[in-house]
Amino acid sequence: MANTSGTPETSDASDTSDASENTPKNKQGSAGKKEGLPGPMDVLRGARGQLAELTGMEAESVSSFERTEDDGWMLRIEVLELARVPDTMSLLASYEVTLDAYGALTGYRRVRRYERGRADRS
């Protein structure tokens, strides 16, 4: 049957393409995040929770984090070890935490212990 609508005819076979064919087929998304791996915020939240579960102490903050050569993570997490009154006398500790590429904790160690009210000497 002839096309009388003025629009080009297409066959059913050409309609099977989808928009994903026009995107690059690499393993990274638009933000450089590898497919299936958690992003930095997910890793930070997960690391805090895992460290708290292992040590029984709540993490107060993450003071540093970086990617390792094997796509894992290394974080420094500040933890309240001993609450005192006044709060400026409480004992805190810095823990160095290593995680694999999926955010699972693979190791940790305390690298520093200090009073909340004390600044580092520069």
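Keep in mind the model is a prediction, meaning the values are calculated, not measured.
- Side-chain contact between Leu54 and Leu105: present, with at least one pair of heavy atoms (C-beta onward) separated by less than 4.5 Å.
- With sequence neighbours left out, the side-chain contact (heavy atoms from CB on, under 4.5 Å) criterion links Arg84 to Leu82, Met89, Ser90, Leu91, Glu115.
- For residues 48-60, the set of pairs meeting the salt bridge (charged side-chain N to carboxylate O under 4.0 Å, His left out) definition, not counting sequence neighbours, comprises Glu60-Arg116.
- When all heavy atoms of Gly103 and Gln50 are compared, the closest pair comes out as O-NE2, 2.8 Å.
- Here the closest heavy-atom approach between residue Asp70 and residue Ala101 is recorded as O-CB, 4.5 Å.
- Tracing side-chain contacts under 4.5 Å through hydrophobic residues (I, L, V, M, F, W, Y), one reaches Trp73 starting from Met41; they form part of the same cluster.
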Quiz prompt | Audit row: Val111, Arg76, side chain to side chain contact (heavy atoms under 4.5 Å, CB included) steps and yes/no | solution = CA-CA 9 Å; Val111 293; Arg76 176 117 354 145; 3.6 Å; yes

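- Placement of Ile77 and Tyr108 within a single hydrophobic cluster is found when ILVMFWY residues are connected by side-chain heavy-atom separations under 4.5 Å, directly or transitively.
- Looking at Ser94, its side chain never comes within 3.5 Å of a backbone N or O of Glu78 through a donor-acceptor pair.
- Val62 and Leu80 fall into different hydrophobic clusters, where Ile, Leu, Val, Met, Phe, Trp and Tyr residues are linked whenever their side-chain heavy atoms come under 4.5 Å apart, directly or through other members.
- Here CG of Leu44 is found 11.0 Å from OG of Ser61. Values are rounded to the nearest 0.5 Å.
- The two residues Phe65 and Pro40 come nearest to each other via the heavy atoms CE1-CB, 4.0 Å.
- Among the candidates Leu99, Val97, Thr68, the single residue satisfying the side chain to side chain contact (heavy atoms under 4.5 Å, CB included) test with Met74 is Thr68.
- Separating the CD atom in Glu81 from the OH atom in Tyr95 is a distance of 4.0 Å, to the nearest 0.5 Å.
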